[in-house]
Amino acid sequence: MSTSPAVLMRLVASAHSVAEKAATIVRKVMSGGDLGIVEKTGANDLQTAADRLVQQSICSSLAKKFPKLTIIGEEDLPSQEVEDSLIELGQFEEILKYSCPIQYNSIKEEEIVVWVDPLDGTKEYTEGLLDHVTVLIGIAYEGKAIAGVINQPYYNYKAGNNAVLGRTIWGILGIGAFGFELNEVPAGQHIITTTRSHSSKLVNDCIAAINPDKVVRVGGAGNKIIQLIEGQASAYVFASPGCKKWDTCAPEAILHAVGGQITDMHGNTFQYHKDVKHMNSAGVLATLRNFDYYFSRVPDSVKQALSP
């Protein structure tokens with residue numbers, strides 16, 4: 001008698017389909033022309049109709065199939081009935097072909113926390129920088145990011161009408177990460193990716209101390225981690241509060257699944273328990289390789305300015 005796949009595998013397979021549904025919503029809102037923008041805490045902290053609809057779609061879809069999950073989304077939305085058209089109950093069967101890593105085989109639904117950023121890079125979305133935008137679904141167990149799904153709704157959007165629009169990247173610790181081609185920056189090159197819209201003296205002082213060959217400024221934490229795993233950047237450096245757990249959970253799982261590393265500026269790992277504070281107060285430092293090289297160059301003045 002064949003046994004049912006482990007909860008983790010079914011959840012990631014479902015999250016993959018849910019993320020693809022989310023991408024269609026993101027594109028539909030944009031093509032409709034009215035983004036429904038509201039400011040949350042200021043001009044750099046925006047929410048659009050896509051943020052709201054995608055969060056409803058992801059959270060309701062996953063809760064319907066996995067009712068005992070803890071799901072934490074970025075947007076503070078009122079409880080309301082979600083339209084059937086937003087619900088996605090499918091799953092990506094390819095993921096179920098993999099065996100669940102033995103350490104996660106007996107995880108129960110109620111032990112899992114899912115961190116959702118419905119639209120990472122909202123500001124860039126409103127400015128038409130569409131390749132910065134991602135949908136993030138991170139899966140945590142015992143406070144650790146163990147699986148993640150990142151969808152890029154506009155991947156390939158500049159590649160012409162015949163190109164397939166959008167892609168979904170997924171990863172599970174102990175299995176690997178898929179949906180992209182793993183590449184590294186050429187040896188000896190130091191390329192930093194950092195914030196485009198939340199820069200500060202501290203952020204720039206930290207980058208200057210590392211003395212990189214090149215600095216790339218883009219939106220979205222998901223987008224920056226993709227730059228690391230595709231060899232477009234060697235370190236993601238953000239010496240500032242601002243990033244939150246829903247920004248880092250899915251990207252962390254995918255980065256760790258391919259041997260990368262992510263911490264705050266003090267070298268502390270992030271915790272993803274349901275009761276943890278949402279803000280990553282002490283910034284973010286991530287690399288695919290050579291983490292110690294970058295960490296050793298973070299000035300003490302930066303560490304002192306950022307308390308965990």
Side-chain angles (χ1 to χ4, degrees), residues 4-26 50-51 53-75 82 86-101 104-105 107-120 133-142 144-153 155 166-180 220-223 225-226 229 245-258 272 274:
S4 170
V7 168
L8 177 63
M9 304 308 290
R10 290 190 290 112
L11 177 56
V12 178
S14 294
H16 190 289
S17 294
V18 167
E20 300 215 314
K21 171 78 167 183
T24 66
I25 297 168
V26 169
D51 294 85
L53 290 170
V54 167
Q55 180 158 308
Q56 287 177 355
S57 173
I58 293 173
C59 295
S60 299
S61 298
L62 293 179
K64 224 178 179 79
K65 285 186 82 169
F66 305 93
K68 294 177 184 173
L69 288 178
T70 297
I71 305 173
I72 302 172
E74 175 179 7
E75 308 306 338
V82 175
L86 295 177
I87 302 294
E88 173 58 63
L89 298 178
Q91 59 187 18
F92 184 51
E93 298 293 337
E94 184 68 25
I95 293 173
L96 300 179
K97 294 176 183 173
Y98 291 86
S99 297
C100 184
Y104 305 136
N105 224 349
I107 293 179
K108 299 182 179 73
E109 234 176 80
E110 56 268 32
E111 296 175 315
I112 294 173
V113 183
V114 178
W115 293 87
V116 175
D117 191 338
L119 191 67
D120 185 38
V133 173
T134 59
V135 175
L136 305 176
I137 304 175
I139 295 165
Y141 168 65
E142 295 184 337
K144 185 179 175 185
I146 63 166
V149 174
I150 302 178
N151 180 281
Q152 289 179 289
Y155 178 73
R167 68 169 170 176
T168 304
I169 294 169
W170 66 276
I172 299 173
L173 293 193
I175 295 179
F178 307 88
F180 68 100
N223 183 30
I225 295 297
I226 290 170
I229 62 178
K245 296 297 185 295
W246 42 73
D247 295 308
T248 52
C249 187
E252 173 171 328
I254 287 166
L255 184 61
H256 280 172
V258 293
Y272 296 98
K274 64 180 179 182

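Every heavy atom of this structure was used, including side-chain atoms; hydrogens, water molecules and symmetry mates were not.
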Side-chain donor/acceptor of [X] to backbone N/O of [Y], under 3.5 Å:
X: D120; Y: G222; answer: yes
X: E109; Y: V7; answer: no
X: S17; Y: F92; answer: yes

Give the minimum heavy-atom separation between [X] and [Y], together with the two atoms involved.
X: P118; Y: E75; value: CG-CG, 4.0 Å
X: M9; Y: L96; value: O-CD2, 3.6 Å
X: I139; Y: C249; value: N-SG, 3.8 Å
X: A145; Y: L173; value: O-CD1, 3.6 Å
X: A22; Y: V135; value: CB-CG1, 3.9 Å
X: H16; Y: W170; value: CD2-CD1, 3.7 Å

Measure the [atom1]-[atom2] distance between [X] and [Y] for me, rounded to the nearest 0.5 Å.
X: I254; Y: I172; atom1: CD1; atom2: CD1; value: 10.0 Å
X: I146; Y: H256; atom1: CD1; atom2: NE2; value: 13.0 Å
X: E111; Y: Y104; atom1: CD; atom2: OH; value: 13.0 Å
X: R10; Y: Q91; atom1: CZ; atom2: CD; value: 8.0 Å
X: I112; Y: L8; atom1: CD1; atom2: CG; value: 6.0 Å
X: Q56; Y: S60; atom1: CD; atom2: OG; value: 6.5 Å

Can you tell if the side chain of [X] reaches within under 4.5 Å of the side chain of [Y], non-hydrogen atoms only?
X: I72; Y: W246; result: yes
X: V114; Y: L11; result: yes
X: W115; Y: T248; result: no
X: V82; Y: S57; result: no
X: L62; Y: I137; result: yes
X: V133; Y: L119; result: yes
X: N151; Y: V26; result: no

Requested in this report: Check step by step if side-chain hydrogen bond (donor to acceptor under 3.5 Å, both in side chains) holds for K65 and S14.
Outcome: CA-CA 9 Å; K65 285 186 82 169; S14 294; 3.1 Å; yes
Query raised in the report: Is it true that the side chains of S61 and E88 contain a donor and an acceptor less than 3.5 Å apart?
Result: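 Their side chains do not contain a donor-acceptor pair, so the 3.5 Å distance test is not met.
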Query raised in the report: Out of L86, V116, I25, which one pairs with V54 under the side chain to side chain contact (heavy atoms under 4.5 Å, CB included) rule?
Result: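 When side chain to side chain contact (heavy atoms under 4.5 Å, CB included) is applied between V54 and each of L86, V116, I25, only I25 qualifies.
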Query raised in the report: With respect to P251, which candidate in D117, I150, I169 satisfies the side chain to side chain contact (heavy atoms under 4.5 Å, CB included) definition?
Result: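 Single side chain to side chain contact (heavy atoms under 4.5 Å, CB included) partner of P251 among D117, I150, I169: I150.
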Query raised in the report: Given the rule in the ring-ring contact (aromatic ring centres under 6.0 Å, His included) test, do Y98 and F178 qualify, once you have shown the distances and angles that lead to the verdict?
Result: CA-CA 12 Å; Y98 291 86; F178 307 88; 5.1 Å; yes
Query raised in the report: Any chance the rings of F180 and Y155 have centres within less than 6.0 Å?
Result: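 Not under 6.0 Å, so no.
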